[in-house]
Number of protein chains: 2
Amino acid sequence: MVAGPLPAPSGPGKDRLRLWIRLLRASRTIEAELRERLKKEFDTTLPRFDVMAALFRAPEGMLMSDLSRFLLVSNGNVTGIVDRLVSEGLVARARRNGDRRTSMVRLTDEGSKSFATMAAAHEAWIGELLGKVSEEDARRLTGMLTSFRSNWEGRE
Amino acid sequence: MVAGPLPAPSGPGKDRLRLWIRLLRASRTIEAELRERLKKEFDTTLPRFDVMAALFRAPEGMLMSDLSRFLLVSNGNVTGIVDRLVSEGLVARARRNGDRRTSMVRLTDEGSKSFATMAAAHEAWIGELLGKVSEEDARRLTGMLTSFRSNWEGRE
DNA sequence: ATAAAATATTTCAAGCTTAAAGTTTCGTAC
DNA sequence: GTACGAAACTTTAAGCTTGAAATATTTTAT
């Protein structure tokens, strides 16, 4: 997946393949840097941060299935991460009146406060890591990725 | 990390943040699709495919440390993946004459044949998943990502 | 009302991942 | 040539990840 430097294959489709490899390497590199900083600065992980970010945007709470769909990860995966966040007091599960299969998951006050701090640092890190991308280029790149989104995101 | 739709925050740096989120969602979505197909079609995993792809480009073999640096993953990680590939007969470790700490890792004939088949399918999948991206747009996007690479890849 | 299908979630096994600690081997300075 | 630090790997513990199986609850069809 992360093929790279040396040869430079050509032929039909090679440009798309090369694009995919660049895309993957860029996101892996940035992701690794963010993971390391989250660990060092806040003693947390990327998956925990992701879940908290999703919940921060939904003060009324989210269902487990909403979380897993939004985060693009499996159902069982979210269970474990939420379990750990609950045991750390950052997230709470609330039984619902109507449907007893589901529970609303939301940030606790502590979780919300904790996330606000991390989010500010996170945004600054992105600004630093993508510093050489001008705001205008960023908008243009975002636009290109957005316009192709329907191609790979079959559902959205 | 994978924040998304609803609100549309603005302010300095928000464009870069939005770019990062798009980048991450694009690569995660495509990655998930590839993982699923590798599993279904070839009963293998993305990490195994990555290792084999790296080795395929280096017929003379690679050191474990070369592999982990190239693939952007930790040293210990590669050990486990290579162990499994060895036990499947797709990869071989060869002791070196000079330095007894290291071993050259390379594809076996079976591994090489197996990879060639998967690589063809893989390239076709990418062509399909990125089908709406014209070859020209692909080259342009690749160029933009490449020109910003030094920003996030401190080493290369 | 009852059975069957659908939904929401958790559990499980296997594998991936990292950071840190441990092992072996090498190079180099005395 | 001995000791010391560096280098290449492996091992370990904890956590992430998936797909599939298991639970529990709700909905739908009869």
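In what follows, every chain begins at residue 1, and chains take the letters A, B, ... in the order their sequences are listed.
When the nucleotides C:dT17, C:dT25, C:dT9 are ranked by their closest atom to the side chain of B:Ile81, C:dT17 comes out on top. Minimum atom distance to the side chain of A:Asp99 is reached by D:dT26, of the listed D:dT26, C:dT9, D:dA8. Comparing atom distances between the A:Ser65 side chain and each of D:dT17, C:dA8, C:dT11 picks out C:dA8 as nearest. Here C:dC26 is the nucleotide among C:dT10, D:dC9, C:dC26 with the atom lying nearest to any side-chain atom of B:Arg101. Of the candidates C:dG15, C:dA8, C:dT24, C:dG15 carries the atom nearest the B:Arg48 side chain, counting heavy atoms from C-beta on. Each of C:dT9, D:dT25, C:dT25 was ranked by its minimum atom distance to the side chain of A:Thr102; first place goes to C:dT9.
The CG-P distance, from B:Leu63 to D:dA7, rounds to 14 Å in whole Å. Between the CG atom of B:Asp43 and the P atom of D:dG19 there is a distance of 13 Å, given to the nearest Å. Atom CG of B:Leu67 and atom C1' of D:dT10 are 15 Å apart (whole Å). Taking atom CE of residue B:Met62 and atom P of nucleotide D:dA8, one finds them 14 Å apart after rounding to whole Å. When the P atom of D:dT17 is taken as reference, atom CG of A:Asp83 falls 14 Å away, rounded to whole Å. Atom CG in B:Leu85 sits about 12 Å away from atom P in C:dG15, given to the nearest Å. For B:Phe49 and C:dG15, the CZ to C1' distance is 18 Å, given to the nearest whole Å. One can place CZ of A:Arg69 at 11 Å from C1' of C:dA8, the figure rounded to the nearest angstrom.
Heavy-atom nearest nucleotides on DNA chain C were determined for A:Met64 and for B:Pro47, and the one closer to the 5' end corresponds to A:Met64.
Screening B:Asn77, B:Val78, B:Thr79 for a side chain to side chain contact (heavy atoms under 4.5 Å, CB included) involving B:Leu67 leaves a single residue, B:Val78.
Remark: B:Arg93 is in phosphate contact with D:dT10, judged by side-chain N or O atoms under 4.0 Å from OP1 or OP2. A sub-4.0 Å separation between OP1 or OP2 of C:dT24 and a side-chain N or O of B:Arg100 is absent.
Residues forming a salt bridge (Lys or Arg N to Asp or Glu O under 4.0 Å) with A:Arg96 (at least two apart in sequence, or on another chain): none. In this structure, the side chain to side chain contact (heavy atoms under 4.5 Å, CB included) partners of B:Arg35, at least two apart in sequence or on a different chain, are B:Ala32, B:Leu46. For A:Glu128, the salt bridge (Lys or Arg N to Asp or Glu O under 4.0 Å) partners are A:Arg37, not counting sequence neighbours.
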Derivation and outcome, side-chain contact (heavy atoms from CB on, under 4.5 Å), residues A:Leu38 and A:Trp125: CA-CA 10 Å; A:Leu38 278 176; A:Trp125 295 339; 3.9 Å; yes
Pairwise N/O distances under 3.5 Å, protein to nucleotides 18-20 of chain C:
from	atom 1	to	atom 2	distance (Å)
C:dT18	OP2	B:Ser74	N	2.7
C:dT18	OP2	B:Ser74	OG	3.0
C:dT18	OP2	B:Asn77	ND2	3.0

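Residue pairs meeting the salt bridge (Lys or Arg N to Asp or Glu O under 4.0 Å) criterion with at least one member in residues 67-82 of chain B, sequence neighbours excluded: B:Asp66-B:Arg69.
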Taking only distance into account, with no hydrogens and no angle test, what donor-acceptor pairs under 3.5 Å do side-chain atoms of residues 110-118 of chain A form with protein atoms, sequence neighbours excluded?
from	atom 1	to	atom 2	distance (Å)
A:Thr117	OG1	A:Lys113	O	3.3

